[in-house]
Undergrad: 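The following block contains the structure, expressed as structure tokens.
Numbering starts at 1 and runs along the sequence shown. Just so it is clear, the structure is predicted and the values come from calculations on it, not from any experiment. Computation of the quantities below employed the complete heavy-atom set of this structure, encompassing side-chain atoms and omitting hydrogens, waters and symmetry-equivalent molecules.
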Amino acid sequence: MSGNKITDWDDAYSNSAHIPGGDAYPAKWHAAATAFRDEMRGAGRLREDIAYGPHTRNCYDLFLPQADARGLVVFVHGGYWMAFNKSAWSHLAAGPLAHGYAVAMPSYVLAPEARISDITRQIGAAINAAAREIEGPLRITGHSAGGHLVSRMNTVTSPLDRDVAARLRKTVSVSGLHDLRPLLNTSMNETLRLDLAEARAESAALLEPLDGMDITCWVGANERPEFVRQNGLLENLWSSFNVEVSSVEEADRHHFDVIEGLADPDHRLVRTLLGV
């Protein structure tokens with residue numbers, strides 16, 4: 001970097017290289033998620049691989065609370081639209097489950113097989129499908145690329161069915177990317193295949209929000225400066241619309257541990273998502 005001007009966009013979006021022990025996190029997530037899924041399966045509170053579309057990755061897991069669900073939370077995973085699936089994040093359902101919410105976690109077809117615009121439509125279809133399974137208020141959250149995708153559901157070109165959008169009470173975008181145009185400058189765009197038109201059409205910050213939406217953008221204070229900048233965009237650009245929009249920088253958190261609060265029923269991240 002030179003001053004505040006970014007000259008190395010690959011470095012600006014590189015998380016693992018700037019987190020001590022960053023390479024170890026995927027294995028930790030997988031182990032925690034597998035143990036949690038085994039526990040929920042044993043308790044009869046997990047419905048696995050529910051199809052929402054034709055592709056093998058068009059499926060979601062549904063975690064059920066002990067009593068009738070108070071509503072539905074959907075968590076959308078990250079990985080720069082290129083990596084991971086639903087099964088690495090199951091343990092993050094623990095926080096909302098403890099408050100009586102069902103939690104759906106979808107997979108989706110990844111780039112380069114799918115473009116980001118395709119993934120947006122897939123997530124809309126997944127949320128629509130899960131909302132038909134669970135009644136009550138809908139709350140959605142996602143991390144990194146998943147943060148982009150849940151923010152995108154709040155816009156006037158959202159793929160959500162109208163009745164589902166009407167049930168949406170809260171969105172929390174964790175470390176979300178709300179302006180995709182900088183990604184045109186990265187080597188990962190060889191896989192994402194974004195062009196300027198698609199980057200504009202898929203950037204929540206460049207779109208109008210649906211009337212009455214309520215969204216919080218949440219980032220770790222120790223994240224890469226570009227993620228902190230991206231986190232503040234919606235509060236800046238949507239403040240004149242009829243929406244509730246806010247941003248949070250959580251102290252002592254980086255890109256890989258900022259989501260851990262979702263597993264803790266008493267954490268402020270869970271309480272913000274659920275309004276409790």
Side-chain angles (χ1 to χ4, degrees), residues 13 71-78 81 92 95-96 99 101 116-117 119-120 123-124 127 131 136-183 199-251 253 255 258-259 261-262 267-276:
Y13 285 99
L72 175 66
V73 167
V74 180
F75 173 83
V76 182
H77 73 80
W81 308 271
L92 300 181
H99 290 276
Y101 279 78
I116 290 178
S117 54
I119 297 171
T120 294
I123 293 305
I127 295 172
L138 170 65
R139 300 170 185 275
I140 61 177
T141 184
H143 177 236
S144 198
H148 156 262
L149 291 163
V150 296
S151 300
R152 182 70 177 79
M153 298 300 117
N154 285 252
T155 65
V156 292
T157 54
S158 172
L160 293 181
D161 290 342
R162 185 171 300 180
D163 62 324
V164 173
R167 290 169 52 189
L168 182 54
R169 297 291 179 268
K170 184 71 178 185
T171 300
V172 179
S173 173
V174 183
S175 307
L177 300 175
H178 304 122
D179 181 357
L180 303 188
R181 293 173 299 178
L183 299 176
R200 286 171 171 162
E202 292 301 321
S203 294
L206 305 181
L207 301 170
E208 292 184 17
L210 286 166
D211 200 50
M213 292 293 101
D214 184 335
I215 184 168
T216 296
C217 300
W218 194 288
V219 73
N222 293 343
E223 296 204 41
R224 304 292 293 137
E226 175 63 1
F227 279 87
V228 176
R229 184 191 73 83
Q230 288 264 1
N231 192 67
L233 288 178
L234 295 191
E235 186 174 24
N236 183 292
L237 294 168
W238 283 6
S239 60
S240 63
F241 293 94
N242 182 33
V243 296
E244 295 292 330
V245 57
S246 59
S247 58
V248 173
E249 295 181 18
E250 185 178 357
R253 293 283 182 169
H255 192 75
V258 69
I259 51 173
L262 287 171
H267 194 280
R268 188 162 60 111
L269 180 57
V270 170
R271 294 191 173 278
T272 298
L273 175 63
L274 303 183
V276 296

Undergrad: Return each pair, listed once, that meets ring-ring contact (aromatic ring centres under 6.0 Å, His included) where at least one residue sits in residues 150-183; pairs must be two or more places apart or across chains.
TA: none

Undergrad: So, do Ile127 and Ile140 sit near enough that their side-chain heavy atoms are less than 4.5 Å apart?
TA: yes

Undergrad: Only pairs at least two apart or in different chains count here, so list each ring-ring contact (aromatic ring centres under 6.0 Å, His included) that has a residue in residues 136-161.
TA: Trp81-His148, His143-His255

Undergrad: Do Leu206 and Asp179 have side chains that get closer than 4.5 Å, going by heavy atoms?
TA: yes

Undergrad: Any donor-acceptor pair under 3.5 Å linking the side-chain atoms of Ser246 with those of Thr216?
TA: yes

Undergrad: Please confirm whether the backbone N or O of Ser175 pairs with a side-chain atom of Asn231, one donor and one acceptor, at under 3.5 Å?
TA: no

Undergrad: Given 3.5 Å as the limit, does a donor-acceptor pair link the side chain of Thr141 with the main chain of Val172, or not?
TA: yes

Undergrad: Are the side chain of Trp238 and the backbone N or O of Leu207 linked by a donor-acceptor pair below 3.5 Å?
TA: yes

Undergrad: With sequence neighbours left out, which residue pairs that include part of residues 158-169 fulfil the side-chain hydrogen bond (donor to acceptor under 3.5 Å, both in side chains) condition?
TA: Asn128-Asp161

Undergrad: With rounding to the nearest 0.5 Å, note down the distance linking CZ in Arg152 to CD1 in Ile116.
TA: 11.0 Å

Undergrad: For the residue pair Ser151 and Thr155, what are the closest heavy atoms and their distance?
TA: O-CG2, 3.9 Å

Undergrad: Side-chain contact test, heavy atoms from C-beta onward, threshold under 4.5 Å: evaluate it for Leu149 versus Thr120 and give yes or no.
TA: yes

Undergrad: Nearest 0.5 angstrom please: Glu202 CD to Arg181 CZ, how far?
TA: 14.0 Å

